[in-house]
2 protein chains.
Amino acid sequence: MSDAQAALKRRPSDKEGDERHEAIYRSVSDAIVEQRLKPGARLREDALAEVFGISRTGIRKILQRLALEQLVTLTPRRGASVTRPTADEAKDVFDARQLIECGLMPDVARRMNAAAAAELRDMAREERQALRSGQQSVAIRLSADFHVRLAQLSGNATLAEFVERLCSRSSLILAVYGHRGHLGCESHDHDDLIGYLETGNGERAKAFMSRHLKAIEASLSMVEEEENVPDLQQIFGA
Amino acid sequence: MSDAQAALKRRPSDKEGDERHEAIYRSVSDAIVEQRLKPGARLREDALAEVFGISRTGIRKILQRLALEQLVTLTPRRGASVTRPTADEAKDVFDARQLIECGLMPDVARRMNAAAAAELRDMAREERQALRSGQQSVAIRLSADFHVRLAQLSGNATLAEFVERLCSRSSLILAVYGHRGHLGCESHDHDDLIGYLETGNGERAKAFMSRHLKAIEASLSMVEEEENVPDLQQIFGA
DNA sequence: ATGCTATTTATTGTATACAGTAATTCCGTT
DNA sequence: AACGGAATTACTGTATACAATAAATAGCAT
């Protein structure tokens, strides 16, 4: 038996199990944020357990975490499904982003430096690239990543975590209320923003972020469109 | 066998189980916020399972939730313990409260009405009462409840939830860095705040909230004091 | 006596078995 | 053919058994 086969078969040690759990969590979370798992899609414990090769116990832990982050909805006796945000929730999320993300801009501008700016530019470029090559769902995740990274640069880990949650939920909202073929974020907005931050112009960045978020929110149609749910196998790859 | 005994013995239906879980969660959460469980206290799964009469499975679910709310810290293979916030975290939490709670004041003022004001006054009175009768730990929880209720009145459920988390963590911070016998919140601050909100003066309320939070933060000493951890039985009552 | 190693113990991590309930299907009646 | 109800099925909720590991302890050598 080859090492690879042995690695697959043997019971993983607990430490490895933790990392595996984290990887599975990210896998599912990314699938939701990238809209390969669409709002309303059911997440059956058995199916997920089989796909990822762990028992339902571990899957439940992950689903509960996702539920607390409001990416999945846990209805008693019915199990988990990808959250379908209501219009009210959408408004709350974007209002919250206005308050928090805009409020952080002065701090971010104060702490901005060349290295951070370069990193952000890389992320913005990658996002444009994904968009050009037609990978819109990937672009949506990259856009969320950009906003999260920005918040992290403020130095406030707690608020950055809040922004992270808001951005994931925003992806869900875009999936339900966004127009197909329209990302929400304009391609060059992020670059412009980096410019303001780099020159330490916090107030300017704040105002720009406000417009940026308003633009995304305005691009939503608030009319849901029905989707059919694909198979777990093809989403995560056999 | 009496009904009460029967109710204790028989396996609860799943729906009742959910409510029971929620009750246990609140029980533990309150114990932490009221500082009957002090930062650093270990929360062994077996012990909790026995105290509350459910299996470790349910306890783990609750501990994971508390961990995501950062009230308890889950270290692999070591189990759960009440989080001992660092000074950095304390700063983050209070900065976040400044941004969010102050930012919500205009909205709260706009939506304030007689019924809400009366409810808030009741809460403020109850808090003063607890303080007068020497129940400082209860007063700390009531103070947190007040701030949370205020945030809920803004109408933004998402931000209200963030405030809820920040307030729980603040109680932990007060437990570690607060002076004994000093609550942080001045007794009449909350009443003054209600006054500004009732007259629709959002900006005034915002400024007052800012001073209020700064006062609490300033009352912290940033020097931890060691505590001995009491027994689970006496905390939750046999 | 002290430090190091082996053994025991305490406690968490994971899988699985079983129970309970909601959804579905199938069948008989009208 | 449509409706209502009973049997079946599919899935989640919970407890428990077992595995793995870290902490505590005891024993040994220096």
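Please read all numbers here as calculations on a predicted model, not as lab measurements. Chain letters run A, B, ... following the sequence lines, proteins first and then strands; every chain starts at 1.
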Open item on the list: Between A:Arg125 and A:Asp122, does any NZ, NE, NH1 or NH2 come within less than 4.0 Å of an OD or OE carboxylate oxygen?
Closed with: yes

TODO: Using only side-chain N and O atoms of A:Ser55, determine if any of them is under 4.0 Å from OP1 or OP2 of C:dA15.
DONE: yes

TODO: Using side-chain contact (heavy atoms from CB on, under 4.5 Å) as the criterion, list what pairs up with A:Gln64, not counting sequence neighbours.
DONE: A:Arg60, A:Leu74, B:Lys61, B:Gln64

Open item on the list: Check A:Glu69 with A:Arg65, please: is the shortest side-chain N to carboxylate O separation under 4.0 Å?
Closed with: yes

TODO: Identify whether the distance between the nearest side-chain nitrogen and carboxylate oxygen of A:Asp145 and A:Arg141 falls below 4.0 Å.
DONE: yes

- [ ] In whole angstrom, give the distance that lies between atom NZ of A:Lys61 and atom P of C:dG13.
- [x] 7 Å

Task: B:Glu161 with A:Arg165: basic N within carboxylate O range, under 4.0 Å - done: yes

TODO: Just compare C:dA22, D:dT16, D:dT12 and give me whichever is closest to any side-chain atom of A:Arg78.
DONE: C:dA22

Task: Which nucleotide in C:dT16, D:dA15, C:dT12 has an atom nearest any side-chain atom of B:Arg60 - done: C:dT12

Task: Net bend of the helix from C:dA1-D:dT30 to C:dT30-D:dA1, end axes of five pairs each, nearest 10 degrees - done: 10°

Task: Length of the CD1-P vector between B:Ile62 and D:dG13, whole Å - done: 14 Å

Open item on the list: Closer than 4.0 angstrom, basic N to acidic O: yes or no for A:Asp107 and A:Arg111?
Closed with: no

Open item on the list: Rounding to an integer number of Å, can you tell me how far A:Ile24 CD1 sits from C:dT14 P?
Closed with: 10 Å

Task: First encountered from the 5' end of DNA chain C, between B:Gly79 and A:Ile54 - done: B:Gly79

Open item on the list: Measure CZ/B:Arg20 against P/D:dA15 and give the value in whole Å, please.
Closed with: 10 Å

- [ ] Can you tell me the distance, in whole Å, between the CD atom of B:Glu50 and the P atom of C:dA10?
- [x] 14 Å

- [ ] Starting from C1' on D:dT14, measure out to CZ on B:Phe52 and report it in whole angstrom.
- [x] 18 Å

TODO: Would you mind telling me which of C:dT12, C:dC18, C:dA15 lies closest to the side-chain atoms of A:Arg56?
DONE: C:dC18

Open item on the list: Starting the side chain at C-beta, find the nucleotide from D:dT14, D:dT12, C:dT12 nearest to B:Asp46.
Closed with: C:dT12

Task: Closest to side chain of A:Arg44, choosing from D:dT12, C:dT16, D:dA15 - done: D:dT12

Open item on the list: Without decimals, in angstroms, what is the distance between A:Ile59 CD1 and D:dG13 C1'?
Closed with: 16 Å

TODO: Give the ring-plane orientation class for B:Phe146 versus B:His190, where under 30° counts as parallel, over 60° as perpendicular and anything between as tilted.
DONE: parallel

Task: Length of the line joining B:Leu43:CG and C:dT11:P, which is rounded to integer Å - done: 13 Å

